[in-house]
Participant: 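My questions all concern the structure below.
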2 protein chains.
Amino acid sequence: MIIVLNMKRRLTPQREAILELIGSSDRHWDAESIAKMLARKGRAIGLATVYRGLAVLEEEGLIHAIQLTDGKKRYERAGKEHHDHFICKLCGSITEFSHPAEARILEHLSRETGAVVHGHEFVVFGVCASCREAS
Amino acid sequence: MIIVLNMKRRLTPQREAILELIGSSDRHWDAESIAKMLARKGRAIGLATVYRGLAVLEEEGLIHAIQLTDGKKRYERAGKEHHDHFICKLCGSITEFSHPAEARILEHLSRETGAVVHGHEFVVFGVCASCREAS
DNA sequence: CTAGTGTTGAGAATGATTATCGTTCTCAAC
DNA sequence: GTTGAGAACGATAATCATTCTCAACACTAG
């Protein structure tokens, strides 16, 4: 895979390491987990650099950011079709789901209000099946 | 309106002031705005007390919390039928909307995954009609 | 080669929220 | 009315995620 960043941005070794980590898994990474994981792999990167790298990679569309209910921004690899997130209050696990009706809701919204929709986030919380059974 | 909080929680004058402020408007309040507004009204309340009050009032179901994309938690009065939020990236305005298909998505999710859904949040961002026209 | 600009890493700074702590308030039992 | 236990208050310190600052380093074009 050959990646070229726009303009003056460079795909530095640090940014490549971040991209490789996120791109090769289905996890929802936050900045600190990325820094720790890279450190554990002997590829330590300054935390500020991780934050900057994430911002750049997101702007370039190479990763995708989501904002869940805890204060942390999470990142997942780009290129998957759009999906929403279910978060279990008990175990914290994140499950992805999607439904075709969502597109219709967005269409309806922009038709009614005249707004231009750039993005959206649908976060559902509750108790996942395995936690429900376990309790 | 008579309000009785459960158990050991008390509806103190401070909490009543917060509830009255949120309940009598359709704004989406963050903690600091509440503190400032009450201070301007000559009813100043410690910021920590505002945060604690908001948490208590939310637990009691008297106000409703939403988490938008900026780091701040917002609160709106409870009792309105459920709705979602559209945020304009340019002017920051928040528009409420709703669509019946949403319920179907949630039903589908819990049927498919076996999860119990407690709540959800659908946040859409883009450019509102008036900002679009102005630019 | 060299100037100009992008990038890094460490640490300071920021902003929202939460914890701490001594004091005050509430309320039921005495 | 007094007391005692626990809830609540307000000011301030602490925390947590994130952003900023700045000096040292690395590319890239001329």
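Sequence lines set the chain letters: A, B, ... in the order given, protein chains first and strands last, and positions in each chain run from 1. Note that the structure is a prediction, hence the values are computed from the model and not measured.
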Participant: Considering only C:dT26, C:dT17, D:dT19, which nucleotide approaches the side chain of A:Tyr51 most closely?
Facilitator: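 Per side-chain heavy atoms of A:Tyr51, the pick is D:dT19.
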Participant: Please table the atom pairs, donor to acceptor, closer than 3.5 Å between any side-chain atom in residues 17-30 of chain A and protein atoms at least two apart or in another chain.
Facilitator:
unit_1, atom_1, unit_2, atom_2, d
A:Ser24, OG, A:Glu20, O, 2.9
A:Ser24, OG, A:Leu21, O, 3.3
A:Ser25, OG, A:Arg27, N, 3.2
A:Ser25, OG, A:Trp29, NE1, 3.0
A:Asp26, OD1, A:Arg77, NH1, 2.6
A:Asp26, OD1, A:Lys80, NZ, 3.0
A:His28, NE2, A:Glu76, OE1, 3.1
A:His28, NE2, A:His85, NE2, 3.3
A:His28, NE2, A:Glu96, OE2, 3.1
A:Asp30, OD1, A:Ser33, OG, 2.6
A:Asp30, OD2, A:Glu32, N, 3.3
A:Asp30, OD2, A:Ser33, N, 3.4
A:Asp30, OD2, A:Ser33, OG, 3.4

Participant: For B:Thr49, check side-chain hydrogen bond (donor to acceptor under 3.5 Å, both in side chains) against everything at least two apart and list the hits.
Facilitator: B:Arg52
Participant: Which pairs would a plain distance check flag for residues 100-113 of chain A, meaning a side-chain donor or acceptor within less than 3.5 Å of a matching protein atom at least two apart in sequence or in another chain?
Facilitator:
unit_1, atom_1, unit_2, atom_2, d
A:Glu102, OE1, A:His82, NE2, 3.1
A:Glu102, OE1, A:His120, NE2, 2.6
A:Ser110, OG, A:Glu107, O, 3.3
A:Thr113, OG1, A:Leu109, O, 2.8
A:Thr113, OG1, A:Ala115, N, 3.2

Participant: Please confirm whether the shortest side-chain N or O distance from A:Thr12 to OP1 or OP2 of C:dT8 is below 4.0 Å.
Facilitator: yes
Participant: Side chain of A:Lys73: nearest nucleotide among D:dC9, C:dA16, D:dT18?
Facilitator: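 Closest nucleotide to the A:Lys73 side chain: D:dT18.
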Participant: Donor-acceptor pairs under 3.5 angstrom involving side-chain atoms of residues 121-133 of chain A: please list them, not counting sequence neighbours.
Facilitator:
unit_1, atom_1, unit_2, atom_2, d
A:Glu121, OE2, A:Gln67, N, 2.6
A:Arg132, NE, B:Gly114, O, 3.1
A:Arg132, NH2, B:Gly114, O, 2.8

Participant: D:dG10, OP1 or OP2 - any side-chain N/O from B:Gln14 closer than 4.0 Å?
Facilitator: yes
Participant: Might you confirm whether atom NZ of A:Lys36 has over 12 heavy atoms from other residues, nucleotides or ligands at distances under 6.0 Å?
Facilitator: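 No, the 6.0 Å shell around NZ holds no more than 12 heavy atoms from other groups.
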Participant: Send over the distance from B:Arg15 CZ to D:dG10 C1', rounded to a whole Å.
Facilitator: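 It works out to 13 Å between those atoms.
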Participant: Let's test your reading of the pairing rules: Watson-Crick or G-U wobble, both distances under 3.5 Å, then write DNA chain C as a dot-bracket string with ( ), [ ], | and dots.
Facilitator: ||||||||||||||||||||||||||||||
Participant: What nucleotide, of D:dA26, D:dA8, C:dT17, holds the atom closest to the side chain of A:Arg10?
Facilitator: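 Nearest nucleotide to the side chain: D:dA26.
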Participant: Distance check needed: D:dA7 P versus B:Glu60 CD, whole Å only.
Facilitator: 13 Å
Participant: Taking DNA chain D as the partner, which of residues 30-48 of chain B come within under 4.0 angstrom of it by heavy atom?
Facilitator: B:Ile45, B:Gly46, B:Ala48
Participant: If you look at every heavy atom in A:Arg15 and A:Gly53, which pair is closest and at what distance?
Facilitator: CG-CA, 4.1 Å
Participant: Is it the case that the base of C:dG9 and the side chain of A:Arg52 share a donor-acceptor contact (distance under 3.5 Å, atom types as modelled)?
Facilitator: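 Present.
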Participant: Which nucleotide wins on minimum distance to the side chain of B:Thr49, given the candidates C:dT17, C:dG6, D:dC9?
Facilitator: D:dC9
